[in-house]
Chemist: 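I have a structure here, written as structure tokens, and I will follow up with some questions on it.
Quick caveat: nothing in here was measured; it's all calculated off a predicted structure. All chains are named by letter (A, B, ...) in the order of the sequence lines, taking the proteins before the strands, and each is independently numbered beginning at 1. Basis for what follows: all heavy atoms, side chains included, without hydrogens, waters or symmetry-related copies.
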There are 2 protein chains.
Amino acid sequence: MHTKTVRIAQLSFQTNNERMQTRDEKKAQTRKSLMDAALALTGNGSNFSSISLREVAKNAGVVPTSFYRHFTDMEELGLNIIDDLGLMLRRLMRTARQSEGYFDALARSSVEFYANYVCANKNYFFFMEQVKTGGTPVLRKAIRKELKYFANELVLDVRPLKAFAEINDADLDILCQLIVDTVFENTIDLLDQLEENPDYIDTYTEHTLKKLRLIWLGAMAWRS
Amino acid sequence: MHTKTVRIAQLSFQTNNERMQTRDEKKAQTRKSLMDAALALTGNGSNFSSISLREVAKNAGVVPTSFYRHFTDMEELGLNIIDDLGLMLRRLMRTARQSEGYFDALARSSVEFYANYVCANKNYFFFMEQVKTGGTPVLRKAIRKELKYFANELVLDVRPLKAFAEINDADLDILCQLIVDTVFENTIDLLDQLEENPDYIDTYTEHTLKKLRLIWLGAMAWRS
DNA sequence: CCTTTCAGTCAACACTTGTACACTAATAAT
DNA sequence: ATTATTAGTGTACAAGTGTTGACTGAAAGG
């Protein structure tokens, strides 16, 4: 009855708050709810591999059996989160590239930007750090693939720089992997400390910056 | 009956295989069984925070309730494993220090030694990598404390080196943390790949070595 | 020798877990 | 308008979970 009214409303004009939704839209929505619920739980101290299907369903406001309409498994849920995470990282990369001073990787602003991005996507990074070493082998592999992509993109960006002319391709791969690892490595510290000590973001930025500068110095002196 | 025989045996002479055990010895033994069981499970693909008390007890050949005679919690078990892990790391450090060419951190032999040590203590390192980012906050903190100790020891070793004369204490701390992180970072890769591809140990060694040399170059050029 | 201590056992509990199955109601397709 | 599809519900069950309390038997202490 009520829905019928809404339906008419949709046909005539779009109501924003309680707008009509197609079946696919609604499905996509609860699917997102499930993924968000899982992310929220991991971001709240639980370990992804120890949270239950039922817990996720409950937090998503859905009955447990409904979970199966979207994922066969918690692992599949995890893989889908990793897909989203990949998108997020690409967005990060794209935004960073557009910013001025990007090619000055040693600029404080770059690291600061990353740190803020982490804070803005706390749950994703929590999930990532957690699953990177603590997830099932399948999930670990998936995460590492994303990180590898990240490192490869970095290679493309710095390959043309004449400062690195003396570094061959294989070594440049390793260098970029080192850079990426260094940035991501202490992200978990940042996330942990952040809750009780918001100023830690400065410490993190400063420390990471020094490490990157040191690596940079090494790279300039490197002869393959 | 049978035990009485053994008891007499102990009084007269020590039998090695089925020797008499004091109550404390036996307790320490099953305690170790529990810890080993947990380590074995984590080393076998399970996540520490998702293995159950009962599972551990079963694998240790002990009834679940017996667990409580040793630990109140799985988390306490974890903390005790971390204590052992700390000992293991100290042993690693000590042995490394005694070896010649230790102060030539860029020697292939050093990294190779570490890699072999990892393989020999597979479960411990698996546990460490897993809990470092995936454990409960308490466990994470405990692991990081151990790693910090490791880095601090490294500081003591390299502080006297004249190559680092230009680096002040604060920066040297950061440098050593970077070195330690770099070594530990890809240990999980080593552990993962090892099973299917035993030659990966060479790849790991070579890559890590290059990273360390690069950092080294950077450190030599560094002016605080 | 007798008594105390205590690591390990056994049985039972109240829950939570993943999953199967039948069902509903609203959307999509005809 | 009728039918088919399907996201989400409800019920049910077997298996596993952490924890309790009372019990046992051998070692430790007197």
Chemist: Distance check needed: D:dT20 P versus B:Phe67 CZ, whole Å only.
Modeler: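 Result: 13 Å.
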Chemist: Using whole Å, report how far CG of A:Asn59 lies from P of C:dT16.
Modeler: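 Computing the A:Asn59:CG to C:dT16:P distance gives 14 Å.
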Chemist: Are the side chains of A:Leu79 and A:Phe71 in contact, using a 4.5 Å heavy-atom criterion?
Modeler: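 Side chain of A:Phe71 against side chain of A:Leu79, heavy atoms only: no contact under 4.5 Å found.
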Chemist: A:Glu55 CD to C:dT16 P: how many Å, rounded?
Modeler: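 Result: 10 Å.
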Chemist: Within this structure, what is the CE-to-C1' distance between B:Met74 and D:dG16, rounded to whole angstrom?
Modeler: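 About 15 Å, once rounded to whole Å.
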Chemist: How long is the line joining CD of A:Glu76 and C1' of C:dG18, in whole Å?
Modeler: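 Interatomic distance, CD of A:Glu76 to C1' of C:dG18: 16 Å.
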Chemist: Pick the nucleotide of DNA chain D nearest each of B:Asp73 and B:Lys26; which residue has the one closer to the 5' end?
Modeler: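 Taking each residue's closest nucleotide, the earlier one in sequence belongs to B:Asp73.
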Chemist: Is any side-chain heavy atom of A:His70 closer than 4.5 Å to one of A:Asn80?
Modeler: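 No; the side chains remain at least 4.5 Å from each other.
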Chemist: Would you say B:Thr30 reaches C:dG8's phosphate, i.e. side-chain N/O to OP1/OP2 under 4.0 Å?
Modeler: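 Looking at the OP1 and OP2 atoms of C:dG8, one of them is under 4.0 Å from a side-chain N or O of B:Thr30.
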Chemist: Counting only side-chain heavy atoms from C-beta out, which of D:dG8, C:dG8, D:dT19 sits nearest to B:His70?
Modeler: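 Looking only at heavy atoms from C-beta outward on B:His70, the closest nucleotide is C:dG8.
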Chemist: Can you check the B:Leu53 CG to C:dT17 P distance for me, whole Å?
Modeler: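 Result: 17 Å.
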Chemist: Could you give the CZ-to-C1' distance, from B:Phe71 to D:dG18, as a whole number of Å?
Modeler: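 Between C1' of D:dG18 and CZ of B:Phe71: 17 Å.
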Chemist: Checking B:Gln130 against B:Thr42 for the side-chain hydrogen bond (donor to acceptor under 3.5 Å, both in side chains) test, could you report, in this order, the C-alpha distance in whole Å, the side-chain angles of both residues, the deciding distance, and whether it holds?
Modeler: CA-CA 8 Å; B:Gln130 198 177 96; B:Thr42 57; 5.3 Å; no
Chemist: Taking only nitrogen or oxygen atoms into account, show me every contact under 3.5 Å that the protein makes with nucleotides 20-25 of chain C, one pair per line with its distance.
Modeler:
none

Chemist: Would you mind checking if B:Glu153 and B:Arg94 are paired as a salt bridge, meaning a charged N to carboxylate O distance below 4.0 Å?
Modeler: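 Result for this pair is no, no salt bridge flagged.
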Chemist: So if I take every side-chain heavy atom of B:Ser66 and compare against C:dG8, D:dT9, D:dT17, which nucleotide ends up nearest?
Modeler: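 Nearest to the side chain of B:Ser66 among the choices is C:dG8.
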Chemist: Return the CE to CD1 distance between B:Met35 and B:Ile81, rounded to the nearest 0.5 Å.
Modeler: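 Here the interatomic distance stands at 5.5 Å.
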Chemist: Does A:Lys27 have a side-chain nitrogen or oxygen under 4.0 Å from the phosphate oxygens OP1 or OP2 of D:dA7?
Modeler: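 Answer yes for this pair, as a side-chain N or O of A:Lys27 is under 4.0 Å from OP1 or OP2.
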Chemist: For the pair made of NZ in B:Lys58 and C1' in D:dT17, what is the distance, rounded to whole Å?
Modeler: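 To the nearest whole Å, that distance equals 12 Å.
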Chemist: Applying a 4.0 Å non-hydrogen cut-off, can you work out what B:Ser52 is touching in the nucleic acid: base, sugar-phosphate, or nothing?
Modeler: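 Sugar-phosphate only.
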Chemist: Does the side chain of A:Phe126 come within less than 4.5 Å of A:Leu39's, by heavy atoms?
Modeler: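 No. Closest side-chain heavy atoms not under 4.5 Å.
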Chemist: Are A:Phe184 and A:Tyr114 close enough that some pair of their side-chain heavy atoms sits under 4.5 Å apart?
Modeler: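 Yes; the side chains approach each other to less than 4.5 Å.
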